[in-house]
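All values below were derived from every heavy atom in this structure, side-chain atoms included, with hydrogens, water molecules and symmetry-related copies excluded. Letters A, B, ... mirror the listed sequences (proteins, then strands); counts begin at 1.
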There are 2 protein chains.
Amino acid sequence: MKKTSLSDIARQLGVSKTLVSLVLNGKAKEHRISDEMSNKVKKLAKELNYKPNQIAKGLRTGRTNTIGLIIADIANPFFGKLGREIEKEAAAHGYRIVFCSSDENPDNSQKQIEMLQQGQVDGFIIAPPAGSENQILSLKRNKIPFVLIDRNFPDIDTNYIVVDNIQAAFEATDHLVKQGYSKIACVTLNVHLNNMNQRVLGYKQALIENNIPVDEELIKMMPFTHEKDDIAEAVKQLEPGNKSKVEAIFFATSKLGIMGLETLHSLGLHIPGDIAVVSFDDPDAYKISQPPVSAIAQPLQEIGRESVKVLLDMIHDRNAETKKIVLKAKFIPRKSSGF
Amino acid sequence: MKKTSLSDIARQLGVSKTLVSLVLNGKAKEHRISDEMSNKVKKLAKELNYKPNQIAKGLRTGRTNTIGLIIADIANPFFGKLGREIEKEAAAHGYRIVFCSSDENPDNSQKQIEMLQQGQVDGFIIAPPAGSENQILSLKRNKIPFVLIDRNFPDIDTNYIVVDNIQAAFEATDHLVKQGYSKIACVTLNVHLNNMNQRVLGYKQALIENNIPVDEELIKMMPFTHEKDDIAEAVKQLEPGNKSKVEAIFFATSKLGIMGLETLHSLGLHIPGDIAVVSFDDPDAYKISQPPVSAIAQPLQEIGRESVKVLLDMIHDRNAETKKIVLKAKFIPRKSSGF
DNA sequence: GCAATTTGCTAAAACGGTAAATCCAAAAAT
DNA sequence: ATTTTTGGATTTACCGTTTTAGCAAATTGC
């Protein structure tokens, strides 16, 4: 049972496939096709269960109704949830999502973008890994529609949707201070991404504003290929028993936070009694953790929606001016910071 | 700067595009194209940064090198991790993934399958929602390659990759018994999916084998649209203080488990002192939970790999016989069950 | 030295649509 | 009576590949 094509319908009705195409694309009126013929076509199309071949359509029109989503890792709940929101908004506009996980590796994202660029997607939503500036520039140069999410490159004029990382990190750290902690450590990624830099910046600003000296010893930069052992090592150095007398830790990502908590627990430390914890991002894990973890929740739905909208704007008008959207993240104090 | 096409190369070299196509597809030898010409073509193709238009290729060959992945929800870490494994294996074979979240709703999956079926994917990997039997049958009838994951329809002869749910649930429940609990409740989904049925079956079998009567009152079936409140309600009914004197709960999914734990914590219950917990699936949350949660970890990597392999087999030979693969899940005892 | 084969390459069709241009009556306007 | 408009449809071209069929020149066989 072969799929029915435009020509099949046209042949059976003894008309041209152009006519059939026009009718089924709702351009009948515009092209003065008689209602009688219109109805005949529609009826037969339904009978034969005609479904247009999107590939053929794509070849002719140059549009695929598909968005390429390049993120670090779909298995990471942050990106998973974000992906879901993007999928939802895209579907609402008749778009599909093909996703690629880059593992924060620019070589991967490079290959993935190249692969999808061969006429398969109308545009990209990208969380660009560090070192992928040239890829982004190349997209821009070729006028490929795209929008960055989660992080952006300040030196490149592009669309982007991010959160105010400085303010969010500030708020979380400030909260720790207000809760009475002053020896506050920061565990972050040793990676040149502006969102990460800004999180550390917000952390520092909060300390400074509260007249607490910034101790670089207390800022642990993890290699971005971080494994559990790395975090364990870093966290152990921050153990309150040590000379540094750390009282609280600010984790700059949920992956760091989750691994860090595992270590803290395995050390038998009581949270927040022995050490308090706050973290960027708000995975389910933090809600059921005992105690629940104070977290910075990003507005995933809004990020998802806006990124799709901005991208579609760009697709429809490649010369549209770039949109730079900075959203507010929400700090949720929980028991892990003595709240 | 328009993209270069086969014709561009052909024109510049004064040869036919057939020749260029043959060379670039490695069919030069086979078609007796001279090495000299071959090299000229390859060189120019590289110079012009030629990338074949996959859409055009797809139209001609009927193959898109794209797999449609239909799951319940990419934001659910179980499916996120599984998706990642599938993506990896697919990429290794030159395939891309377009995903759709069905929310366990057959109407959604129906639309999604239809949409992707318009020539856009070479095959499907599907976690079919309850009530989607007809869709699966229809795929089968039309000889569309597909493989089911996570659950299958016993009455339909299809490819599938699942875990032995009965055995896994049995093991987890049996573990609870061995730990000394006998009043064991089960929180599951009120949905006609064989994996869910089997989990309850395994739970019951373990009780029976240990001479513990099955108390239907202790089996809570949640509507599959479950929200936190539903779970909270159910869990409250199971509170050990009640007449039922429940000592342990087996959660049939991690989503149920996570919501359930939130409620147990909010009730101020101590785990496992007041009530023990085991759960199907093993999200990060369970590892950092205090205490860590005893869990049934599915072999996600193997499921991902096998599903892609089986699908590709089917794509390459639509009449290949169906493969039914049942993998073992691994029970990981942790402190939540007094381990 | 002539037929048969091999070598090296090409033209054209096809895939299934969409877009632009065109055509031809009949009706309306001049 | 001639021109213009309108309604209703068609023809042609094209998107960028792959595939089928084939052709001329060079080589081989005898």
Side-chain angles (χ1 to χ4, degrees), chain A residues 1-42 44-45 48-66 115 117-122, chain B residues 2-42 44-45 48-66 94 115 117-122:
Chain A
M1 191 174 74
K2 237 182 108 285
K3 282 191 59 178
T4 55
S5 74
L6 271 190
S7 321
D8 294 333
I9 300 181
R11 203 176 323 113
Q12 290 197 35
L13 250 41
V15 298
S16 72
K17 54 180 185 174
T18 303
L19 187 150
V20 180
S21 169
L22 290 174
V23 169
L24 297 180
N25 283 299
K27 297 182 182 168
K29 279 278 173 289
E30 181 183 338
H31 282 261
R32 314 176 293 240
I33 311 287
S34 66
D35 285 358
E36 187 192 1
M37 183 58 83
S38 242
N39 292 330
K40 269 207 282 187
V41 169
K42 285 183 197 155
L44 187 56
L48 297 181
N49 191 30
Y50 170 73
K51 297 280 159 53
N53 180 324
Q54 298 294 338
I55 296 289
K57 194 171 193 156
L59 178 58
R60 176 68 236 229
T61 61
R63 308 271 257 81
T64 59
N65 280 259
T66 303
M115 172 180 83
Q117 217 182 318
Q118 343 267 333
Q120 303 192 83
V121 302
D122 294 342
Chain B
K2 234 181 112 287
K3 280 192 58 174
T4 56
S5 74
L6 272 190
S7 323
D8 295 333
I9 300 182
R11 203 176 322 112
Q12 291 198 33
L13 250 38
V15 297
S16 73
K17 52 183 180 173
T18 305
L19 187 150
V20 180
S21 168
L22 291 174
V23 169
L24 296 180
N25 283 300
K27 297 183 182 167
K29 280 278 171 288
E30 180 183 339
H31 282 261
R32 318 176 292 242
I33 310 289
S34 65
D35 285 356
E36 188 193 359
M37 184 57 86
S38 244
N39 292 331
K40 270 206 282 188
V41 169
K42 285 182 197 158
L44 186 57
L48 297 181
N49 191 28
Y50 170 72
K51 296 281 158 55
N53 179 323
Q54 297 295 337
I55 296 290
K57 193 170 196 156
L59 177 58
R60 177 67 237 225
T61 63
R63 309 270 256 78
T64 59
N65 281 261
T66 304
M115 173 180 82
Q117 218 182 318
Q118 343 265 338
Q120 305 193 78
V121 301
D122 294 341

Expressed as a whole number of angstroms, how long is the span from B:E30:CD to D:dT19:P? 10 Å
For residues 8-16 of chain A, run the donor-acceptor check on the side chains, cut-off 3.5 Å, and write out each pair with its distance to 0.1 Å, sequence neighbours left out.
residue: A:D8; atom: OD1; partner: A:R11; partner atom: NH2; Å: 3.2
residue: A:D8; atom: OD2; partner: A:S5; partner atom: N; Å: 2.8
residue: A:S16; atom: OG; partner: A:L19; partner atom: N; Å: 3.2

Value in whole Å for how far the C1' atom of D:dT18 lies from CG of A:L59: 13 Å
Distance from B:K40 atom NZ to B:S34 atom OG, nearest 0.5 Å? 8.0 Å
What is the distance from OH of A:Y50 to C1' of C:dG16, rounded to the nearest Å? 7 Å
Protein-nucleotide distance (B:Q118, atom CD; C:dC15, atom C1'), rounded to Å: 16 Å
State which residues pass salt bridge (charged side-chain N to carboxylate O under 4.0 Å, His left out) with B:K29; sequence neighbours excluded, sorted by chain then number. B:D35
Enter the distance from B:T66:OG1 to A:Q120:CD here, rounded to the nearest 0.5 Å. 5.5 Å
Should B:V41 and B:L24 count as side-chain neighbours, where that means a heavy-atom distance under 4.5 Å? yes
Find the distance B:K29:NZ to C:dG8:C1' and express it as a whole number of Å. 12 Å
Below 4.5 Å, heavy atoms only, C-beta onward: do B:V23 and B:K42 meet side chain to side chain? yes
Salt bridge (Lys or Arg N to Asp or Glu O under 4.0 Å) contacts touching residues 54-66 of chain B (sequence neighbours left out): B:R63-B:D122
Are the side chains of B:L44 and B:Y50 in contact, using a 4.5 Å heavy-atom criterion? no
Nearest-angstrom distance from the residue atom CD of B:E36 to C1' of C:dG8: 11 Å
What is the distance, to the nearest angstrom, from the CZ atom on B:R63 to the C1' atom on C:dC15? 15 Å
Distance check, rounded to the nearest 0.5 Å: B:N25 atom CG versus B:E30 atom CD? 10.0 Å
Any side-chain heavy atom of A:E36 sitting closer than 4.5 Å to one from A:S38? no
What closest approach, in Å, do B:L59 and A:I55 show between heavy atoms, and which atom pair accounts for it? N-CG2, 3.4 Å
Within the sub-3.5 Å range, which N or O atoms of nucleotides 25-27 of chain C have a protein N or O partner, and how far apart are they?
none

Determine: side-chain N/O of A:N25 to OP1/OP2 of C:dT18, distance under 4.0 Å, yes or no. yes
Enter the distance from A:Q54:CD to B:M115:CE here, rounded to the nearest 0.5 Å. 9.0 Å
Close N/O contacts between protein and nucleotides 7-10 of chain D (under 3.5 Å):
residue: D:dG7; atom: N7; partner: A:R32; partner atom: NE; Å: 3.2
residue: D:dG7; atom: N7; partner: A:R32; partner atom: NH2; Å: 3.2
residue: D:dG8; atom: N7; partner: A:R32; partner atom: NE; Å: 3.3
residue: D:dG8; atom: N7; partner: A:R32; partner atom: NH2; Å: 3.4
residue: D:dG8; atom: O6; partner: A:R32; partner atom: NH2; Å: 3.1
residue: D:dA9; atom: OP2; partner: A:S34; partner atom: N; Å: 3.0
residue: D:dA9; atom: OP2; partner: A:S34; partner atom: OG; Å: 3.1
residue: D:dT10; atom: OP1; partner: A:S16; partner atom: N; Å: 3.4
residue: D:dT10; atom: OP2; partner: A:S16; partner atom: N; Å: 2.9
residue: D:dT10; atom: OP2; partner: A:S16; partner atom: OG; Å: 2.8

When you measure from the side-chain N and O atoms of A:K27 to the phosphate of C:dA19, is any distance below 4.0 Å, counting only OP1 and OP2? yes
Rounded to whole Å, CG of B:L24 lies from C1' of D:dT19 at a distance of 16 Å
Shortest side-chain distance from B:R60, nucleotide among C:dA13, C:dT18, C:dA19: C:dA13
To 10°, what angle do the rotation axes through the five end pairs on each side of the helix from C:dG1-D:dC30 to C:dT30-D:dA1 form? 60°
Nearest to the side chain of B:S21, which nucleotide is it out of C:dT18, D:dT18, C:dG17? D:dT18
